[in-house]
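Everything on this sheet refers to the single structure shown next.
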Amino acid sequence: MAGGQNERFGKFDKHVQRLPDYAQRAGRVMRAYAESKAERQSGSTAAGDRSPSRPIGAAVPPVVAEVRDKWVRWNDPAAKHERRKRRTSRALTLWIILSLLSVLYAVVGYAGITGGIDGWQGAFSGLVGTVIFTVFGVRSGIRLYRLSRTTVVSAPRPPALPRTGSAARQPMERLARSEASLTDLLAQLSASADHGTAPVPALSVEQTRATAAEAATALRALAARIESVERAKVSAPAGEQPALDTAIASLRAQLDDGVEEYGALVAAAGRAVAASSGGVSQAKDALTDATDRLAGLASALRDLSSR
């Protein structure tokens with residue numbers, strides 16, 4: 001044992017003595033890597049490559065996007081409901097099988113085949129199992145019936161935002177926040193209209209909701225056009241890129257105007273909610289005007305996208 005320990009300590013001392021050599025090798029490898037990286041960067045600069053290292057069209061890696069989509073589908077309320085139904089159905093099948101086996105065991109025990117005891121004493125354990133498993137089966141059947149009669153709607157998935165760094169990213173983030181606020185405000189207006197305390201009729205609220213959805217769709221189509229032009233810019237010659245920059249700036253200005261109009265609609269809905277208790281008639285006019293402006297903007301954007 002002592003000889004083996006001395007031999008291991010000797011090997012350890014040799015490795016310790018060779019640590020400076022290991023450090024020099026690591027330094028040479030790092031210098032070679034840095035030199036090769038500098039050569040690649042200088043070569044791309046000399047060739048006039050101004051494209052980003054990451055493709056514009058790829059917001060996230062495909063594997064990450066697939067995992068994220070699977071996670072969203074797994075946590076969807078409708079998917080959870082279907083999993084509960086499947087588990088309950090399997091449990092019901094199990095209890096039915098165990099109940100039938102218990103009945104068979106009770107019959108065999110009553111006949112005295114399983115041992116020296118026959119009659120009701122021999123069938124007692126089978127009868128107990130039959131009662132217990134039947135109770136569990138009835139409970140699972142009732143739960144499965146209730147789950148089958150319950151309808152769970154899938155949660156709407158939020159639209160994907162443009163890639164990070166895109167000219168359309170910031171306006172679309174503002175649009176997403178405005179949509180969430182408008183949804184909450186219109187829900188309050190609908191509840192107030194049902195109780196007869198809202199200054200805005202229920203028909204106007206529904207018209208505003210439909211117009212907002214149409215405008216949001218048109219704005220997202222415009223954002224998709226911006227991303228398409230950005231992807232075209234990556235592979236375009238250097239002489240064509242200024243013209244594409246001008247086109248992107250023009251589309252971004254239109255997108256900003258559209259998001260601003262959408263924000264005006266949200267503000268009008270907020271004033272309507274604030275006036276729901278006071279009966280201010282100006283809130284209805286403001287909401288109607290904002291809805292009309294947003295409808296005109298959505299129509300213009302739709303015509304622009306069809307060209």
Side-chain angles (χ1 to χ4, degrees), residues 58-164 172-173 175-195 202 205-206 209-210 212-213 216-217 220:
V60 292
V63 176
V64 177
E66 183 179 358
V67 172
R68 182 185 60 192
D69 293 340
K70 288 183 178 180
W71 177 256
V72 171
R73 290 195 298 268
W74 175 265
N75 288 279
D76 185 75
K80 290 182 179 180
H81 185 72
E82 289 298 325
R83 289 198 298 270
R84 293 193 191 98
K85 288 174 60 177
R86 287 196 298 268
R87 288 194 298 266
T88 306
S89 177
R90 293 168 184 169
L92 177 61
T93 303
L94 175 63
W95 299 133
I96 291 175
I97 293 175
L98 292 177
S99 298
L100 294 176
L101 291 176
S102 298
V103 170
L104 179 62
Y105 187 79
V107 172
V108 172
Y110 186 83
I113 300 177
T114 57
I117 303 176
D118 57 1
W120 293 111
Q121 292 182 351
F124 179 77
S125 58
L127 293 175
V128 171
T130 302
V131 172
I132 294 175
F133 295 139
T134 301
V135 170
F136 287 150
V138 170
R139 292 180 58 185
S140 297
I142 294 174
R143 186 182 181 188
L144 182 60
Y145 174 75
R146 291 176 179 174
L147 290 173
S148 299
R149 289 180 59 87
T150 304
T151 303
V152 179
V153 182
S154 299
R157 297 182 59 184
L161 292 172
R163 65 167 186 90
T164 303
M172 287 297 99
E173 290 177 345
L175 178 63
R177 292 192 295 267
S178 298
E179 282 184 305
S181 300
L182 184 63
T183 300
D184 181 56
L185 292 171
L186 293 181
Q188 296 185 39
L189 286 176
S190 298
S192 300
D194 294 338
H195 293 86
V205 175
E206 292 301 324
R209 184 179 287 111
T217 302
R220 287 195 170 87

Can you name the closest pair of heavy atoms from Leu144 and Lys85 and give their distance? CD1-O, 3.7 Å
If every non-hydrogen atom of Ala187 is compared with every non-hydrogen atom of Arg209, which pair is closest and at what distance? N-NH2, 4.1 Å
The criterion is side chain to side chain contact (heavy atoms under 4.5 Å, CB included); which residues satisfy it with Leu182, sequence neighbours excluded? Leu186, Ala212, Tyr262, Leu265, Val266, Ala269
Partners meeting side-chain hydrogen bond (donor to acceptor under 3.5 Å, both in side chains) with Ser140 (sequence neighbours left out): Trp95
Any salt bridge (charged side-chain N to carboxylate O under 4.0 Å, His left out) pairs touching residues 126-150, not counting sequence neighbours? none
So, taking the atom named CD1 in Ile142 and the one named CG in Leu147, what distance separates them when rounded to the nearest 0.5 Å? 12.0 Å
Of all residues at least two apart in sequence or in a different chain, which pass the side chain to side chain contact (heavy atoms under 4.5 Å, CB included) check with Leu104? Val108
How long is the gap from CE on Met172 to OG on Ser178, to the nearest 0.5 Å? 10.0 Å
Under 4.5 Å between any side-chain heavy atoms of Thr88 and Leu92, yes or no? no
To the nearest 0.5 Å, how far apart are CZ in Phe133 and CG in Leu94? 8.0 Å
Residue set satisfying side chain to side chain contact (heavy atoms under 4.5 Å, CB included) with Thr134, at least two apart, ordered chain then number -> Ser99, Thr130, Val138
Considering residues at least two apart in sequence or located in another chain, which fulfil the side chain to side chain contact (heavy atoms under 4.5 Å, CB included) criterion with Arg86? Glu82, Arg83, Arg90
